[in-house]
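In what follows, chains are A, B, ... by sequence order, proteins preceding strands, each numbered from 1.
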Amino acid sequence: MKLLKQETFCIQFNNHRRVPWPHHRRKTYLCYQLQLNGVTYASDYLRNKRGRHAEIRFVEKIRSLKLDKDKNYDITCYLTWSPCLHCARELVDLKRSHRHLTLQLFTSRLYYHWFQKFQEGLHLLYTSQVPVIVMGFQDFSDCWDRFVDHQGRAFGPECWDGLEQRSKNIQQRLNRILQVFSIVVFGSIVNEGYLNSPSEGQEFCVYNRNPGACGYGVTVGVLAFLTCLLYLALDVYFPQISSVKDRKKAVLSDIGVSAFWAFLWFVGFCYLANQWQVSKPRDNPLSEGTDAARAAIAFSFFSIFTWAGQAVLAFQRYQIGADSALFSQDYMDPSQDSSMPYAPYVEPSTGPDPAGMGGTYQQPANAFDAEPQGYQSQGY
DNA sequence: CATCCCAGG
Ligand SMILES: [Zn+2]
C-alpha cells in the first residue's frame, strides 16, 4: 500500500481558509481504512480521476470488495474537502445498502459550504448516520500516523500554526449549517401541531389545546433560525473585524447566546413535554399529529445539547484565542509573522500607515489580489 | 456571504 509524502500531506490537508495562488493545488485526497473487529483489511488513499470525484471512486472500490453485509465493518475516511451533494448521496447509498457498516468521515475543510446544495449534502450525511467530523489535532495526528510516510516523525503542530483554532472555527461553521437545516424541520413539525377541529371549525393546539405551547414552539423555532442566520453571517465577517476587542466581544456573545438558547430549548422541552402529558385523549380522538408532537419534543431535547455544544465550542475558541495571538492574524492570513501578536490585519510590506482607523473602510485583502507576486513565502 | 476536487499516464 502506498503512503502519502509528508510534504503532500502538509499541502493538501492544511486547513487554512485561504492559500496563495494557484488555488487548485489543494486537491481532494481521500484516505480510507477498512477494519473488521480491529483488524485492518484495506488502507489506501484516492484522488479524483477522469472527472470522477475521489468519493465516487471510493464507493465503487468498496462495492467491488463485495463485503459481507452482515458483518460489522468499520470504515474511517480522512478527506481534504468535504463531499459535494452528489458524492454525499452516493456515500449515503453505500451506508444504506450495508446496514451494519460504520462509516465515519473526517474532513479537514468544508467545500463550498456557503452554497445551499453543499449544505444539503452535509445535512443528508448527518441525518443518515454518516457523521462528518471536522478534523482536530488528534485526527490530523491519527491520519498522519496511518497514511503518511512519516519516517518515525510524529505529527507536530509546527507544521501548521493555529491548526486547532481554525479547526474549531470550521467545526462551529458545520454545526451552524446543520442547525439551520434542523430548525427548518422543527418549524414544519411544530406547525403540524395546529390541528383543525371539524366540529368547531377552527384550529387548536395538539399540546393540551394550549395555544401557548404551540406558540412557544413556533416562536422559539423562528427566533432560533434567525439567531443561526445572524451567526452564520458573523462567521463570514469575523476575519474582517480588525479590532481584537470586537472579536472578543463577538466570541463572548456567541457563548452567551448559545447558552441562552440551550436554556430556551430546555424550557421548551419541559413545557411541551408537560403539556403533552396532560393533554386529554378525548380532545383529539383521531390522534392526529401525535408523531409530530413527539418529534417536536424530541427535537427540543436534542437541541439543548447542540446549542450547549456551540457554547462550549465558542468558549474553547475564546480560551485558545485569549492567551495566544490567535484573535488576530490567524483567521485569514496563511503567511508567517507570528512575531506580532494581536496585530490587526494589514499588508505587512506596505509602507506608511494605511489610513488609520477612521474614515474609509479598508479592504486589505485586495492588496494581495492585486499583487500576487508579492507572495514569496511558502508559509504552509 | 469567500477561491478551491486539472487530466492523463
Ligand atoms: Zn463530489
Give me, pair by pair, the N or O atoms of the protein and of nucleotides 6-9 of chain B that are less than 3.5 Å apart, along with how far apart they are.
| unit_1 | atom_1 | unit_2 | atom_2 | d |
| --- | --- | --- | --- | --- |
| B/dG9 | O6 | A/K49 | NZ | 3.4 |

Name of the residue among A/Y216, A/F299, A/Y271, A/F260 meeting ring pair (Phe, Tyr, Trp, His ring centres under 6.0 Å) with A/W265:
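Between A/W265 and the candidates, ring pair (Phe, Tyr, Trp, His ring centres under 6.0 Å) is satisfied uniquely by A/F299.
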
Can you tell me if A/Y237 touches the phosphate of B/dC1, counting only side-chain N or O atoms and a distance under 4.0 Å to OP1 or OP2?
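No, outside the criterion.
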
Does A/Y111 place a side-chain N or O at less than 4.0 Å from the phosphate oxygens OP1/OP2 of B/dC4?
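No, no such contact exists.
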
Is a side-chain N or O of A/H150 found less than 3.5 angstrom from the main chain of A/G152, in a donor-acceptor match?
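Flag set: sc A/H150 to bb A/G152 pair under 3.5 Å.
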
Gap between atoms [atom1] and [atom2], on [X] and [N] respectively (whole Å):
| X | N | atom1 | atom2 | answer |
| --- | --- | --- | --- | --- |
| A/W81 | B/dC4 | CH2 | P | 9 Å |
| A/Q240 | B/dC1 | CD | C1' | 9 Å |
| A/K117 | B/dC1 | NZ | P | 16 Å |
| A/H53 | B/dC4 | NE2 | P | 13 Å |
| A/L232 | B/dA2 | CG | C1' | 14 Å |
| A/Y112 | B/dC5 | OH | C1' | 9 Å |
| A/F13 | B/dC5 | CZ | P | 16 Å |

With a cut-off of 6.0 Å (strictly less than), are more than 12 heavy atoms of other residues, nucleotides or ligands near NZ of A/K61?
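Result for NZ/A/K61: open.
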
Flag if over 12 foreign heavy atoms under 6.0 Å of NZ, A/K245
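No, NZ of A/K245 has 12 or fewer neighbouring heavy atoms, counting only those of other groups under 6.0 Å.
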
Looking at the rings of A/Y111 and A/F118, which for Trp means the six-membered one, are their centres under 6.0 Å apart?
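Yes, the ring of A/Y111 comes within the 6.0 Å limit of the ring of A/F118, centre to centre.
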
For A/C205, disulfide bond (SG atoms under 2.5 Å apart) partners two or more places apart
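If we apply the disulfide bond (SG atoms under 2.5 Å apart) test to A/C205, skipping adjacent residues, the hits are A/C214.
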
Identify whether any heavy atom of A/R57 sits under 4.0 Å from a base atom; if not, whether one sits that close to sugar-phosphate; answer base, sugar-phosphate or nothing.
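Nothing, no nucleic acid heavy atom in range.
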
What contact category does A/Y29 fall into here, base, sugar-phosphate, or nothing, at under 4.0 angstrom with non-hydrogen atoms?
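The answer is nothing, as A/Y29 stays clear of every strand by at least 4.0 Å.
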
Output every pair passing salt bridge (charged side-chain N to carboxylate O under 4.0 Å, His left out) with a member in residues 220-236 of chain A, not counting sequence neighbours, ordered by first then second residue.
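As it turns out, the salt bridge (charged side-chain N to carboxylate O under 4.0 Å, His left out) pairs with a partner in residues 220-236 of chain A, which skip direct neighbours, are A/R176-A/D235.
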
